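Written out below as structure tokens is the structure these notes cover.
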Amino acid sequence: MSDDILSDLMRDYVYRSAKAGRRTDGRALDEPRKLAVEHGVVKTAEGSARVKLGNTDVIVGIKMSVGQPYPDTPNTGVLSTTVELIPMASPTFEAGPPRPDAIELARVVDRGIRESKMVNVAKLCITPKEKVWVMFIDIHVLDFDGNLFDASSYGAAAALATTIVPAKAQGLGDDFPLPVEHWPVSVTTAKIKDLLVVDPGLDEERMADARLTVTTDENGDIRAMQKGLKGSFSYDEVKRIIETSQKVGRALRPSLRP
Amino acid sequence: MSDDILSDLMRDYVYRSAKAGRRTDGRALDEPRKLAVEHGVVKTAEGSARVKLGNTDVIVGIKMSVGQPYPDTPNTGVLSTTVELIPMASPTFEAGPPRPDAIELARVVDRGIRESKMVNVAKLCITPKEKVWVMFIDIHVLDFDGNLFDASSYGAAAALATTIVPAKAQGLGDDFPLPVEHWPVSVTTAKIKDLLVVDPGLDEERMADARLTVTTDENGDIRAMQKGLKGSFSYDEVKRIIETSQKVGRALRPSLRP
Amino acid sequence: MSDDILSDLMRDYVYRSAKAGRRTDGRALDEPRKLAVEHGVVKTAEGSARVKLGNTDVIVGIKMSVGQPYPDTPNTGVLSTTVELIPMASPTFEAGPPRPDAIELARVVDRGIRESKMVNVAKLCITPKEKVWVMFIDIHVLDFDGNLFDASSYGAAAALATTIVPAKAQGLGDDFPLPVEHWPVSVTTAKIKDLLVVDPGLDEERMADARLTVTTDENGDIRAMQKGLKGSFSYDEVKRIIETSQKVGRALRPSLRP
Amino acid sequence: MVDIEHIPKELKLIDEKGVRLDGRRHDELRPIRIEAGVLRRADGSAYVEWGGNKVLAAVYGPREAHPRHLQDPARALVQCRYNMAPFSVSDRKRPGPDRRSVEISKVISEAFASVVFAEQFPRTSVDIFIEVLQADAGTRCAGLTAASVALADAGVPMRDLVTSCASGKIGGVVCLDLNKDEDNFGEADCPMAIVPRTGELVLLQMDGHLTYDEFQKAMELSIAATQRIYEMQRDALRRRYSLSIDEIMKESPAAPPRETELPEMSTQIVGEPELDFDALDEDREGGA
Amino acid sequence: MVDIEHIPKELKLIDEKGVRLDGRRHDELRPIRIEAGVLRRADGSAYVEWGGNKVLAAVYGPREAHPRHLQDPARALVQCRYNMAPFSVSDRKRPGPDRRSVEISKVISEAFASVVFAEQFPRTSVDIFIEVLQADAGTRCAGLTAASVALADAGVPMRDLVTSCASGKIGGVVCLDLNKDEDNFGEADCPMAIVPRTGELVLLQMDGHLTYDEFQKAMELSIAATQRIYEMQRDALRRRYSLSIDEIMKESPAAPPRETELPEMSTQIVGEPELDFDALDEDREGGA
Amino acid sequence: MVDIEHIPKELKLIDEKGVRLDGRRHDELRPIRIEAGVLRRADGSAYVEWGGNKVLAAVYGPREAHPRHLQDPARALVQCRYNMAPFSVSDRKRPGPDRRSVEISKVISEAFASVVFAEQFPRTSVDIFIEVLQADAGTRCAGLTAASVALADAGVPMRDLVTSCASGKIGGVVCLDLNKDEDNFGEADCPMAIVPRTGELVLLQMDGHLTYDEFQKAMELSIAATQRIYEMQRDALRRRYSLSIDEIMKESPAAPPRETELPEMSTQIVGEPELDFDALDEDREGGA
């Protein structure tokens, strides 16, 4: 995700624009890019969505199948999240088994959904200890222009919200919508020297020192956090980032519902 | 399969011989190499054959086991074909997971058997939806002198024709011969510049522009085709190749039966 | 295990010391290093031990789980031995799938336990053909200073000897100690030119021409042997090594019991 | 799980009037839509909807080939990676290449090898990525058709576009462009790809059962259809070109230099599959 | 297999007097023991017992990075490999990296990147190996704390040690340093790592449910605790240093030049887990 | 699936007269047939039938070793890959190396390392490929014996051939060259390989239960047998040599320069296994 090099000139331009309060694409520091969500784009999936966050383009499909519960949670459905950073999306992505970048991304998206209790998994039990619904969230990145954490989370949430559980085909009664009960929104902030910018674009992300993703729910409560990259944050910076994440999350939440 | 380089001198010699109507090993353009088939060579297999097509030497073993049918074909046996291009057979073969060459080869052989309905898989059902016979066709190439498509197909067909299903050891009644009902024969033609040569030897294959494998049945009907390599065929060439394949197939078919 | 190079000076020093009858660390040729065994060091394992053979440091954990027997031994428990040569233990160990060194090591340790009938696996059957206890022996090398064959074997034996089968948690009656009935001891001898040295240290091992591991039981009978490295032994040398192995084995056996 | 063995007996894929289940006649294509230049990062891209298929293609290159030992000092490598999204088929496909996609990637790579002027770019690779987002039989033809437009969009010098289509046999009748039901329950499928200007066949596969006469009928249907599809490919490129001009005029200098909107995906699909089967069982069917 | 869904109802993780199941108060750490210099082959090493966790860390380097194409001409790579022994958890973990350990390795590598003076050692790598021998929640904090001491023991130049601790929420109360039961049945866990001298946060993760106020309480508990742990880290290094002097005086010249005794592992563990769950189900819990 | 636990009670592997189930006496080898020069592409090759074992060996090299970083600037690498065909055992073996074949490849490579004059060919590798086509206990001995002839056929300079044989214990009696039943139900197996001219042991393994006296009896049986096998190896090479002369005289100049007929495989096997067990359960038995 950061193999390609940004010229010093470009780095300087990006920083000075942000320092002046107006980023290279005209945004304010705490302003996310335009979010466009299209629900239900793939007929072969039980749920799907395409999300464009600026020029970052992600398609997410949900497949539901019947499987076994984990022994220690015999009454709850199972969630499995996979990200494919296919080489179509960027010259820096390579075919092959997922690299640490993609694994971290998938796990952070997964935790954002799991820990926020977005889907009521207790309602996905078919026969305790034996059969439950398994949700596969497959995140397919088509075009990479920065901030996959948020684009992937939005795509997953929007796709889950359209998902119809195919109970009938399994002889398990009528089809029903996936029981979505919470609306977590992840907001990622990048630190560039002394500046904090929300929803970093590709150039910003490539020169960022540190990254913090904060997932908040409809009450503004924190459901998941993940710091990344080689730099650090002060505790004060973390607090400012959380506050911004709450605010931006509130603004974006309505776009995710179908 | 084509890592080694053919000298320009050799390429010229191969082409000019064929152009004159008599290939470097004395064959006519539409003449396959000598085919020698030995049935039942491996006692640990339920069926086996060794095939020499010229100096290309292939051994095929069939193992039968009891497994589950595919959900969409609950009443039919299962076929699985694997090719190992073991490094014994050629300095250009490497140990490791199968490369695209070997995968294409296995799939073409598999389709030739599957689509021709050579084996009546309906007779390999034990308990619908639960238990069927699984045929593993393992193709082991021992010595590589060109045209593995045909040598492998012949080996697979000859081995299947000797296979005894070991029902008794499974408590499923008496052993019985695999129900072989059709006799597909694949014939591969290589295009070298403007010439079409049947059953290319190694040197011919290494300099070929394009390759077309046509599998025909005992009625001369087409059961499978596969074009390969980076060149192209005209539609007229394709028609001529099919006609030759029908003719050569008819001539070779008797050799495959035990 | 032998990627790093030993200087000629060091090789000469090691050889001349041994030739004079007193190895670089002061040992006689047939004297193993100090063996320290600590039983029961890991609470999450059903059995465990830490073994230091000189500075070679190995920790072994036993996990017991319920699984299926092999079809041809429907009444006996299953044994599975894995060695991880983690890069912590030596600059010459690399992360990744086990290399031939580690595989040979695991298999030799496994055979030493299996073939000596150390554990009475007949007593680990729960339901014939269906359920038996599976013993996982995981050997974790922490610090590598030569002779992993013996250190790993001792660790495995000591860990097995402390293992309590967790039957109660599975609803299978009371917990019980693993039925350990024999006490095999492996003793490894290295050949350095014309000399035979018992329990080679790292420097000795790196310059050894050949290696012979002999596992003997409490009667002095031979239960497993493995010759390694690129050199050879005469038949007379083999006989001398066996005799030494019997003697050293007798001396070390008491240390392995808890 | 649908049991395909019991369905064909009831199912009449084509009626006595020669009308197929989705209303098409034997020589009719499914609706096809082609858009060029739909992705931003790729050097060239295209999107194809073809019946119930939704396929994206992207091209990178010519760019330095690596690992280096794969470089050809005399020419560019033309390498295609065909991939199905896990959600593109009814039963989720595990991510990563399976045997079927390895074979399709190989035959598509070979189909483009003689069309790209590879000698102009030694030591480089031209990388073609095809992603199947929704599958409904004929994905290799749709992917090839999209990849061809993406190559042109990337400015890769070629002798001509490559155009692809399949024909097959259902209910004893040779028909153009089988959909998923027809492919599953039909008797034969024969995908091909052609260089329209010269008539060279650069891809040809067949499985099932065709007499020699039927094969010739199938080929003639396909060849005729590729002429129509070729026209759609060129249209897409023409639209893309003029659109870009418009866009450039409208936009501020800071804006991205190329059109990047992924076209809205249609949600109305002609001939949408009611029945759908395991694409994982990779050696059984080549029809997706 | 224990059924965790039915346990929490009975289980009171913290009573009305603010006492936790293992007897600790909300702001109390589990017993921690740190030893430096416990392995012979590694350039630096440390052993940490922290409640029921037993963790070893070893450091090699700076040494030539390979494969070579990974070398950074401007700085050392700081690479951590976090690994759990198969027997370190209740249900045996298959050997080799899983998704959870890949992520933890990544965030730990990043936590050290800004602390090591990497510019002094271009083209090299500093390799940190963390082995969890026995797990009881908080292994990443214990591993980071051990790795920090191992780096110092190896003489790798750093701006400061890194110190790590977690806080979380159980029974509605924000508490320091959750053990395995508390992590499994609690409402949130928030591990962090800090550079004590500057207060920079170099690792921060959270999952569960915390209000903003609760998060601040958790952070304040963790920050205070890291001061105490930092002192223990420095003590371990001081002991190691003086010990080495003693050893060198006592021993004959032929002896190994460094102390290599792995300290006896304690077998008495405060707060030892009664309940233990699958660590293989890697995406469900980050608490080990 | 045969239940081996219940069989041994009935099965008497050797009767009171010292006759084994397949009619052999305790010091008798199974029938052995060795042919040299059976493959065309390989630099050297050999085929061995040994009881119910059918084994091919091929040698390539000395040739440039790659990947290059494996090259030894002082000598040739001697690398063996032992492989079982999926159909060579009763229950199909999955293709590719398992732990058992990795170990066997390693000990065979080591057995040849001191015999080949590796110093004459720095930076190269001598690659030995052994393929087991049909297994009946003793495949490593048969493979080694075949590989030795293949090395000579390839013209690789060696101090001597390597010859291999096993002895073991069945029904309390030390016997030469166990077949599959004997190996499965017997008490010990001890394969070895020797340099016949010098008596050096280059491979030695044992598992089971042997007193020291029994071990010595086993070794003496094996050593005596290797003298006979050594003679057969040399015979095969002599036949191959003279045959080639004959062939060269008979054939036209355009013909392939070497004899390439794979000898007809015998279909009559002495001591053919009635019972056969899982070779996949790789750590349980080393007898195939």
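Chain A is the first sequence line, chain B the second, and so forth, proteins listed ahead of strands; every chain is numbered from 1. What you are looking at is a predicted structure, and each value in this text was computed from that prediction instead of being measured.
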For [Y], is there any backbone N or O sitting under 3.5 Å from a side-chain donor or acceptor partner on [X]?
| X | Y | answer |
| --- | --- | --- |
| E:R41 | C:F144 | yes |
| C:K63 | E:V89 | yes |
| C:T44 | E:F87 | yes |
| E:K54 | C:K43 | no |

(request) Might you confirm whether atom CZ of E:R63 has over 12 heavy atoms from other residues, nucleotides or ligands at distances under 6.0 Å? (result) yes
(message) Using 0.5 Å steps for rounding, measure from the CZ atom of E:F129 to the CZ atom of C:F93.
(response) 12.0 Å
(message) Applying side-chain contact (heavy atoms from CB on, under 4.5 Å) to E:L56 and C:M88, what does each step give before you reach the verdict?
(response) CA-CA 9 Å; E:L56 265 176; C:M88 166 177 281; 3.8 Å; yes
(request) Verify salt bridge (charged side-chain N to carboxylate O under 4.0 Å, His left out) between C:D138 and E:R92, making sure each step is shown before the conclusion. (result) CA-CA 10 Å; C:D138 282 292; E:R92 177 176 182 265; 2.5 Å; yes
(request) Please state whether the side chain, the backbone, both or neither of C:T82 comes within less than 4.5 Å of a heavy atom of chain E. (result) side chain
(request) Using non-hydrogen atoms and a 4.5 Å limit, figure out which bit of C:A36 sits close to chain E: side chain, backbone, both or neither. (result) neither
(message) Counting C-beta onward and ignoring hydrogens, is there a side-chain heavy-atom pair between C:H140 and E:P86 closer than 4.5 Å?
(response) yes
(request) List the atom of E:R81, the atom of C:I86, and the distance in Å for their closest heavy-atom pair. (result) NH1-CG2, 4.3 Å
(message) Counting only non-hydrogen atoms closer than 4.5 Å, does E:N83 touch chain C with its backbone (N, CA, C, O), its side chain (CB onward), both, or neither?
(response) side chain
